[in-house]
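Notes follow once the structure below has been shown.
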2 protein chains.
Amino acid sequence: MFKAELTRIEILRKSFDLIYKNGYQATSIDEILATTKVTKGAFYYHFKSREEMGMALISDVMHKELWPAVKKSISTTKDFRKNLYKMLRNLLIEHPVLTCEYGCPSVNLIQEMAPLHEHFRKALKKNLSEWQKVIEEEIVRAQSAGQLSADHDSQNIALYVITLYHGARNMGKVLGKAYYMTFLGEFDNYLHSLK
Amino acid sequence: MFKAELTRIEILRKSFDLIYKNGYQATSIDEILATTKVTKGAFYYHFKSREEMGMALISDVMHKELWPAVKKSISTTKDFRKNLYKMLRNLLIEHPVLTCEYGCPSVNLIQEMAPLHEHFRKALKKNLSEWQKVIEEEIVRAQSAGQLSADHDSQNIALYVITLYHGARNMGKVLGKAYYMTFLGEFDNYLHSLK
DNA sequence: ACATTTCCATACCGATTAGTATGGCGCAAA
DNA sequence: TTTGCGCCATACTAATCGGTATGGAAATGT
């Protein structure tokens with residue numbers, strides 16, 4: 001009941017690493033086992049299939065470990081523009097695990113798996129909704145504080161900001177880290193265009 | 001010198017279909033052969049490896065067939081806002097081949113392959129640069145015509161627009177086609193915020 | 001007519017894949 | 001002490017992978 005949980009986590013962590021760098025479909029179980037001390041018997045004791053492990057990865061690792069970092073990246077100054085800007089900046093530039101080269105695990109998985117597995121799509125959508133919700137609250141707060149016109153649809157803006165992040169993660173893979181800076185510049189322009 | 005070119009194209013077209021829907025790494029040569037009348041001997045006569053076929057796919061199919069559609073999607077009215085809006089709208093909504101579910105082949109390949117194969121990254125970057133260039137010209141034209149302040153950096157805006165497209169393609173996979181409309185609404189707001 | 005090259009078909013290879021079958025170790029309850 | 005269960009190790013399978021070897025039909029040049 002204790003040691004077992006450790007091996008389960010070891011499997012998920014290594015899987016996360018490999019899938020983050022090589023993609024879900026390109027990461028084999030044997031490769032995971034080869035780079036850990038876990039054997040195949042242990043793997044199939046904890047997960048009844050490869051797909052179930054993928055689902056556990058989304059809900060356990062990505063949701064429970066990565067998501068808090070996202071939430072923490074949101075400052076709470078009075079200026080909502082500053083808060084949203086810093087949020088994206090923290091995620092793009094300062095994140096301790098994510099790199100420009102390999103992008104964002106969530107974005108990657110959406111791109112690769114959303115059309116192929118409905119379970120995956122729904123699980124990833126759930127992650128997305130939580131982020132969206134937090135951004136929405138920040139928008140609404142700004143509107144209540146008179147920093148932003150109430151005409152704006154908070155949901156639309158929230159989704160738009162997330163869309164920008166997803167796009168930047170994709171473009172960064174081609175253009176390199178330098179692009180993150182020019183992107184953030186334009187993002188700042190956008191935020192200040194919101195009246 | 002004639003029939004041979006046909007089989008080459010048949011290979012590339014079917015490869016494009018499968019890779020577009022399932023991803024590059026998940027598409028096997030055997031699967032391509034199974035769904036065409038092409039044999040393995042023919043395949044390896046035209047391409048010395050799987051990777052070379054992938055490169056040919058980027059330069060031949062995507063560049064020579066998809067790219068003209070992109071270029072055609074750009075209207076040439078006087079209003080640059082209208083032109084850019086319609087460009088994204090055409091690509092997202094009206095494109096005859098691309099679907100919301102499977103996204104954009106270029107975006108997909110960038111996400112999957114840019115970190116893994118430097119050749120791929122460069123070839124995809126080249127595609128991107130052409131699109132960027134066309135958008136830049138539209139921005140510059142608008143600036144010369146006094147529709148837009150010369151303070152704006154045309155390159156940054158062009159990349160920003162492409163970033164938005166990439167993000168929308170990604171988000172669409174999770175949220176479905178309906179999101180394209182709300183996205184386009186926010187994109188329109190952005191365009192009109194450019195003074 | 002013959003020779004040569006282009007283009008493709010078939011059979012095969014070793015490596016790798018997801019998944020299974022089975023056995024055993026350690027520990028707690030009886 | 002024995003029984004049972006949680007946890008894992010080893011060995012295996014059938015299928016599939018990218019790639020090769022080889023032979024031959026069809027077109028082409030001489």
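The sequence lines fix the lettering, A, B, ..., with proteins before strands; numbering per chain opens at 1. All values derive from a computational prediction rather than experimental measurement.
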May I have the distance from E5(A) (atom CD) to dG6(D) (atom C1'), rounded to whole angstrom?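 After rounding, the gap between these two atoms is 14 Å.
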Which pairs with one or both residues in residues 140-167 of chain B pass salt bridge (charged side-chain N to carboxylate O under 4.0 Å, His left out), sequence neighbours excluded?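 Listed once each, the pairs are E138(B)-R141(B).
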Has Y165(B) got a side-chain atom pairing as donor or acceptor with G167(A)'s backbone, closer than 3.5 angstrom?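 Checking the backbone N and O of G167(A) against the side chain of Y165(B), no donor-acceptor pair under 3.5 Å is found.
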Kindly write out the residues that satisfy ring pair (Phe, Tyr, Trp, His ring centres under 6.0 Å) with H117(B), not counting sequence neighbours, or none if the list is empty.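 For H117(B) the ring pair (Phe, Tyr, Trp, His ring centres under 6.0 Å) partners, ignoring immediate neighbours, are F120(B).
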Can you name the residues that form a ring pair (Phe, Tyr, Trp, His ring centres under 6.0 Å) with Y44(B), not counting sequence neighbours?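 Partners of Y44(B) by the ring pair (Phe, Tyr, Trp, His ring centres under 6.0 Å) criterion come out as none, since no residue qualifies.
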Given the P atoms of dC7(C) and dT22(D), what is the spacing between them in whole Å?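 Nearest-Å result for dC7(C) against dT22(D) at atom P: 22 Å.
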Indicate yes or no: does [X] engage [Y] in a salt bridge with an N to O separation below 4.0 Å.
X	Y	value
E94(A)	K86(A)	no
K71(A)	E130(A)	no
R121(A)	E118(A)	yes

Per the ring-ring contact (aromatic ring centres under 6.0 Å, His included) rule, what does the pair list look like for residues 173-195 of chain A, sequence neighbours excluded?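 Sorted result for residues 173-195 of chain A: Y160(A)-Y190(A).
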List, with names and distances, any nitrogen or oxygen atoms from the protein found under 3.5 Å away from nitrogen or oxygen atoms belonging to nucleotides 17-21 of chain C.
residue : atom : partner : partner atom : Å
dT17(C) : OP1  : S28(A)  : OG           : 2.8
dA18(C) : OP1  : R50(A)  : NH1          : 3.3
dA18(C) : OP2  : I29(A)  : N            : 3.0
dG19(C) : OP2  : Y44(A)  : OH           : 3.2
dG19(C) : OP2  : R50(A)  : N            : 3.0
dG19(C) : N7   : K40(A)  : NZ           : 3.3
dG19(C) : O6   : K40(A)  : NZ           : 3.1

Given dC8(C), dA9(D), dC7(D), the nucleotide with the shortest approach to the side chain of A42(A):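 Looking only at side-chain atoms, A42(A) lies closest to dA9(D).
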Sort by first number and list every stem of DNA chain C: at least 3 consecutive Watson-Crick or G-U wobble pairs, both distances under 3.5 Å.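 When the pairs of DNA chain C are grouped into runs of at least three, the stems are C:4-6 with D:25-27, C:8-30 with D:1-23.
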